[in-house]
Amino acid sequence: MNILFIHQNFPGQFRHLTPALQARGHKVAALTADRNQQKSPIPTYRYTMPFSEPDPRQARLGATFTTMTDRAHRVALAAVHMRDKLGFVPDVIFGHCGWGETLFLREVWPKARILVYAEFFYATEGLDVGFDPEFSKLTLPVRMSVTARKAHLALAMVQADAALSPTEWQAGSFPPEFRSKITITHDGVDTDLLCPDPQARYRLPNGRILRVGDEVLTYVARNIEPYRGSHIFLRSLPDVLDARPEAQVVIIGGDGSSYSAAPENGNWRDHFLSENRDRLDLSRVHFVGRVPYRDFVTLLQISRAHAYLTVPFVLSWSMLEAMSLGALVVGSRTGPVEEVITDGVNGCLVDFFDVEGWSDALISALAAPERLYPLREKARRTIIENYDLRRLCLPRLIRFVEQAEVAPI
């Protein structure tokens, strides 16, 4: 078949799927934004981005829909070029619905089967918005804005023949009207690559070498921000460092904003550090920024305890990867985490807002690695049995694309 993948930051969730389909004899191509700098494993074409954001005075509550349809328009123009100038006619189109890219493709290729990656659907109750009142309050304007932001997602689901969500919790964020279209299969974790290594070692920026067995506490997020509980984690550290004088804390993440709104001044890291700077031994707290993937893997292999927090939102790949690497994950008791981690079985759970509880749980994890080793073994077993890339997820993903199987929740 001719298969076209569409993702503004390709390959994204399709990194393993596209070369696998190509290896099975399909003609596979991708369409992505012209500003995307990611390397692609398959032939990739570009669409130009709109010149400017919509004027909020004109678009008002329709600003998000205008932005997404502007992008969809550019995608459609690129699709027409691929059809008329290059002769490319896909049998299957698989795109992420989060940025509106698939909205007009049925008008270009009416016979193509359209699949969408259904990652998350907004809501005014029970999900991310309003969960943490310190940063998000559910006023009427906020509720109306959230409702308006759902328009392009709903239209994409209506247009799609089938959809795929990586977790049951994320599929559950979509309205009941769409559930029958959704198949649940994760992108997959390469458990052969991501496995424990007793010889792992990492050199900190100050020259100190960390090894397996050292008292290392890790935290990972794309950016240090409230959506991933950075404030709760940093507020828990003074008591952890006081109780564990040998502990070293390694924090991976940038100083931008991925999901949370940016602070009024500076960045979230400095904002949160200012609360307890006089109680933190910063010689033992290492902010290493964004690191190469190999360094991320090494640090999680070394980690004695790994903190993962998230508001009710998309589950990070890093948590599943940490479990595959044999790390002991101390996670937030929020829906996306609870789908994977059972407290005391394959990890530990703490109420998202319980700073004292986080301190206690992290202290216990650092103090008793032998007692908690069975949880680490069970964590890796959980990923192998439910999220393994090559044995489970990739065959299911291939079948979904080739047959568009629909498995209702």
Side-chain angles (χ1 to χ4, degrees), residues 128 131-136 214-253 259-260 268-282 284-288 299-300 302-313 315-316 318-323 327-369 371-373 375-376 379:
D128 55 330
F131 175 77
D132 188 342
E134 183 176 350
F135 302 100
S136 176
D214 291 346
E215 193 168 331
V216 177
L217 169 61
T218 53
Y219 171 91
V220 175
R222 184 181 304 172
N223 284 297
I224 298 167
E225 58 183 344
Y227 254 64
R228 298 309 190 190
S230 302
H231 54 310
I232 304 296
F233 176 69
L234 290 173
R235 289 167 185 170
S236 75
L237 283 186
D239 287 346
V240 174
L241 293 174
D242 286 347
R244 305 301 304 170
E246 298 302 315
Q248 301 289 322
V249 183
V250 183
I251 298 174
I252 297 175
Y259 308 112
S260 305
W268 286 119
R269 176 178 63 151
D270 291 339
H271 180 79
F272 297 138
L273 281 177
S274 67
E275 299 175 350
N276 289 299
R277 193 178 296 271
D278 58 337
R279 290 194 58 209
L280 277 174
D281 179 0
L282 291 178
R284 295 195 285 140
V285 181
H286 311 279
F287 291 90
V288 296
L299 281 165
L300 269 296
I302 292 169
S303 177
R304 184 179 292 186
H306 177 66
Y308 177 75
L309 300 90
T310 184
V311 303
F313 191 57
L315 185 69
S316 303
S318 66
M319 191 194 85
L320 301 180
E321 291 172 326
M323 294 172 70
L328 173 64
V329 176
V330 182
S332 57
R333 192 175 277 109
T334 46
V337 180
E338 290 179 293
E339 180 176 335
V340 183
I341 294 179
T342 300
D343 188 33
V345 176
N346 58 354
C348 303
L349 296 177
V350 183
D351 182 82
F352 183 93
F353 299 104
D354 185 1
V355 175
E356 183 177 345
W358 276 97
S359 298
D360 292 344
L362 295 173
I363 291 168
S364 296
L366 293 171
R371 179 174 60 83
L372 297 173
Y373 185 75
L375 275 65
R376 299 163 68 109

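Side chains are part of it too, since the values below use all heavy atoms of this structure and drop only hydrogens, waters and symmetry mates.
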Measuring only between side-chain heavy atoms, which start at C-beta, is [X] closer than 4.5 Å to [Y]?
X      : Y      : value
Leu241 : Val285 : yes
Val340 : Met319 : yes
Val220 : Leu299 : no
Met323 : Ile341 : yes
Asn223 : Arg228 : no
Leu234 : Ile251 : yes

- Leu328, Leu362, Val329, Leu217 screened by side-chain contact (heavy atoms from CB on, under 4.5 Å) with His306, the one that passes: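 Single pass found, and it is Val329.
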Okay, side chain of [X], backbone of [Y]: is any donor-acceptor separation there less than 3.5 Å?
X      : Y      : answer
Tyr308 : Ser316 : yes
Glu275 : Arg235 : no
Arg333 : Leu349 : yes
Thr218 : Val250 : no
Ser274 : His271 : yes
Arg279 : Leu237 : no
Asp214 : Val216 : no
Ser332 : Thr310 : yes
Thr334 : Val311 : no
Arg284 : Ala247 : yes

For this session: Could you list the residues that satisfy ring pair (Phe, Tyr, Trp, His ring centres under 6.0 Å) with Trp358, not counting sequence neighbours?
Result: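 Checked Trp358 against ring pair (Phe, Tyr, Trp, His ring centres under 6.0 Å); zero matches.
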Provide the closest heavy-atom pair for [X] versus [Y] in the form atom of the first, atom of the second, distance.
X      : Y      : answer
Gly253 : Ile224 : O-CD1, 4.0 Å
Pro336 : Pro312 : CD-CA, 4.0 Å
Ser359 : Ser236 : OG-O, 2.9 Å
Ala379 : Ala327 : CB-O, 4.2 Å
Leu300 : Ala322 : CD1-CB, 3.4 Å

Given Phe131, which partner from the list Phe313, Tyr227, Phe353 fulfils the ring-ring contact (aromatic ring centres under 6.0 Å, His included) test?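 Testing each of Phe313, Tyr227, Phe353 against Phe131, the sole residue satisfying ring-ring contact (aromatic ring centres under 6.0 Å, His included) is Phe353.
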For a ring-ring contact (aromatic ring centres under 6.0 Å, His included) with Phe233, tell me which candidate from Phe272, Tyr219, Trp268, Phe352 qualifies.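 Answer to the ring-ring contact (aromatic ring centres under 6.0 Å, His included) test with Phe233 among Phe272, Tyr219, Trp268, Phe352: Tyr219.
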Taking atom CD as the centre, does Glu246 end up with more than 12 heavy-atom neighbours from other residues, nucleotides or ligands that are less than 6.0 angstrom away?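 Counting neighbours around CD of Glu246, 12 or fewer heavy atoms of other residues, nucleotides or ligands fall under 6.0 Å, so no.
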- Message: Nearest 0.5 Å, please: how far is CD1 in Ile232 from CD in Glu134?
- Response: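 Glu134 CD to Ile232 CD1: 7.0 Å, rounded to 0.5 Å.
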